[in-house]
2 protein chains.
Amino acid sequence: MNAGVTSTRTPVLAVSTVIFTLRPDAAGEMRLALPLVRRIRAPHQGKWALPGAPLKANEDLQASAASSLLSTTGLEPRYLEQLYAFGQVDRSPDRVVSIVYWALIGSDETASAIESENVQWFFADEVPELAFDHNVIIEYALWRLRSKIEYSRVALGFLGETFTLAQLREVYEVVLGKRLDPGNFRRMVESASIVEPTGEYLEGTRHRPPQLYRYNASKDLTDPDPLTLGTTSTRPNARDLGAAS
Amino acid sequence: MNAGVTSTRTPVLAVSTVIFTLRPDAAGEMRLALPLVRRIRAPHQGKWALPGAPLKANEDLQASAASSLLSTTGLEPRYLEQLYAFGQVDRSPDRVVSIVYWALIGSDETASAIESENVQWFFADEVPELAFDHNVIIEYALWRLRSKIEYSRVALGFLGETFTLAQLREVYEVVLGKRLDPGNFRRMVESASIVEPTGEYLEGTRHRPPQLYRYNASKDLTDPDPLTLGTTSTRPNARDLGAAS
DNA sequence: GTCGTAAAAGTCAGACTGACTATAAGTGAA
DNA sequence: TTCACTTATAGTCAGTCTGACTTTTACGAC
């Protein structure tokens, strides 16, 4: 046995990404899915893991997340945000601190995805046992997605340039795991002016053609990094507590 | 000149902490304050900076934040949570990725604080020009504190074991920078059952003695780490969007 | 034309919020 | 002892938001 691998080595930095999309299952139901890659070296060789790579010396963190994601899965996310830095001493035989990003991509943009024996899509509720603490990481990313969809516009990260309200609602329904009332959803979306109508209508439906929408401020969707703090507005739904005056 | 220091060295990991407390200014007004330490070596020698230290090989991230905070400032925070990992290539002449924590401590617990020529308290709105990107980091920590106080119980991190509703309200007022209606504040706090009355009353006031409260679930206050995900409840104020059934 | 379907608009009662008023319970001063 | 003062505590009320529900509209298929 190789006895020397202790956890007291100088910490190494890696950047990984949890990237979600929506895909239909066998029954045609839309479900949350994410790509995993098979580890090709020890530790945990052969197990599935999040896409990622060691941090390069001349690369910013977010750029590192994007580039390692692109090179291992072929995906370029529409939304990308830092999730958390995982650094428990015992999370790997080596001392690895993983700075994890989470990302969203539209179903229509996953066509370019690499799919092979070593890169595959999994439904979020059918993730196998992964390498390291990656199962915990995915759980946390899911929690963050579900929380954030309620007060921000991240849902748009799943959709293309234009979309119908029914499509947008479906995103919410899949992520939150419950049905939403179409009327109330429309009211919410319109009052929050998250999106605006394009004036065009979707054709080819079996019924009245739904209006197409686009989002107003695509800026708001990307890069909520503290690095852009000055330009970030406060959350739309933030409430006051017993405010006076 | 030393010409060789490029930013392409292998990344180094540091852990720093923004720790807030409430202290009275000269006029007796409570204000947000935080301790800074003077850098004793290059780069940015002599400038003020956040307390921190390189990550030790055998220390978890949060433990590293706590221990470096204790050794440089003498403070042991009541609330400690990861803030963000800062890793821009150009944020330091060396390549340093800083995993930053943010913390709260009660005014009554800052007595043990080291104060010297090289460790001093600053009001949050009077922070001088700091080393590295630490000004940006503090801005972000402030934003996070103000956001989080609205939907969580972090405010309790500023207070001792027991407190009056007026004291709790003052924390909110200072952090949010606006006055709150006492009656509405009481209603909010009671309906959210954030705290419970102890049955005791504060003495020595010039008026009717206010009841003392303590918090219900001190568990909820500490460690919102994803590492404890299973036990974390969802946010109390999280709202649904046009939910049906 | 009629039917079926989903879009889009409207209704309504209950909960919540912010502003405000009223009462109660102490201390210090007269 | 009594009064004045301050703050705790309780209550009121109108406006807004929310979830459930109903109605109307506009299209394709037949």
Undergrad: Excluding sequence neighbours, so at least two apart, what forms side chain to side chain contact (heavy atoms under 4.5 Å, CB included) with Arg31(B)?
TA: Asp25(B), Phe123(B), Asp125(B), Glu126(B)
Undergrad: Starting from P on dA7(C), measure out to CG on Leu168(A) and report it in whole angstrom.
TA: 12 Å
Undergrad: Give the rounded distance in Å between these two atoms: NZ of Lys178(A) and C1' of dA20(D).
TA: 14 Å
Undergrad: Test of understanding: with side chain to side chain donor-acceptor pair (under 3.5 Å), list the residues that count as partners of Glu129(B), not counting sequence neighbours.
TA: Lys47(B)
Undergrad: Expressed as a whole number of angstroms, how long is the span from Glu170(A):CD to dA6(C):P?
TA: 13 Å
Undergrad: Not counting sequence neighbours, which residues clear ring-ring contact (aromatic ring centres under 6.0 Å, His included) with Tyr201(B)? List them please.
TA: none
Undergrad: Kindly write out the residues that satisfy side chain to side chain contact (heavy atoms under 4.5 Å, CB included) with Leu70(A), not counting sequence neighbours, or none if the list is empty.
TA: Glu76(A)
Undergrad: How many whole angstroms separate atom CZ of Arg169(B) from atom P of dT9(D)?
TA: 11 Å
Undergrad: Would you say the rings of Tyr172(A) and Phe185(A) are close, in the sense that their centroids are separated by under 6.0 Å?
TA: yes
Undergrad: Nearest-nucleotide wise, let me know which of His207(A) and Ser191(A) is further upstream toward the 5' end of DNA chain D.
TA: Ser191(A)
Undergrad: Take the protein atom CE of Met188(B) and the nucleotide atom P of dG11(D), then report the distance between them rounded to whole Å.
TA: 19 Å
Undergrad: Do any N or O atoms of the protein come closer than 3.5 Å to N or O atoms of nucleotides 8-12 of chain C, and which pairs are they?
TA:
residue : atom : partner   : partner atom : Å
dA8(C)  : OP1  : Gln211(A) : N            : 3.3
dA8(C)  : OP2  : Arg186(A) : NH2          : 2.4
dA8(C)  : O5'  : Arg186(A) : NH2          : 3.1

Undergrad: In chain order, what residues pass the side chain to side chain donor-acceptor pair (under 3.5 Å) check against Glu196(A), with sequence neighbours excluded?
TA: Arg214(A)
Undergrad: Can you tell me how far P of dA25(C) sits from CG of Leu202(B), to the nearest Å?
TA: 18 Å
Undergrad: Can you measure Leu176(B) atom CG to dG18(C) atom C1' for me and round it to whole angstrom units?
TA: 15 Å
Undergrad: What's the CD-P distance between Glu200(B) and dA8(D), to the nearest Å?
TA: 18 Å
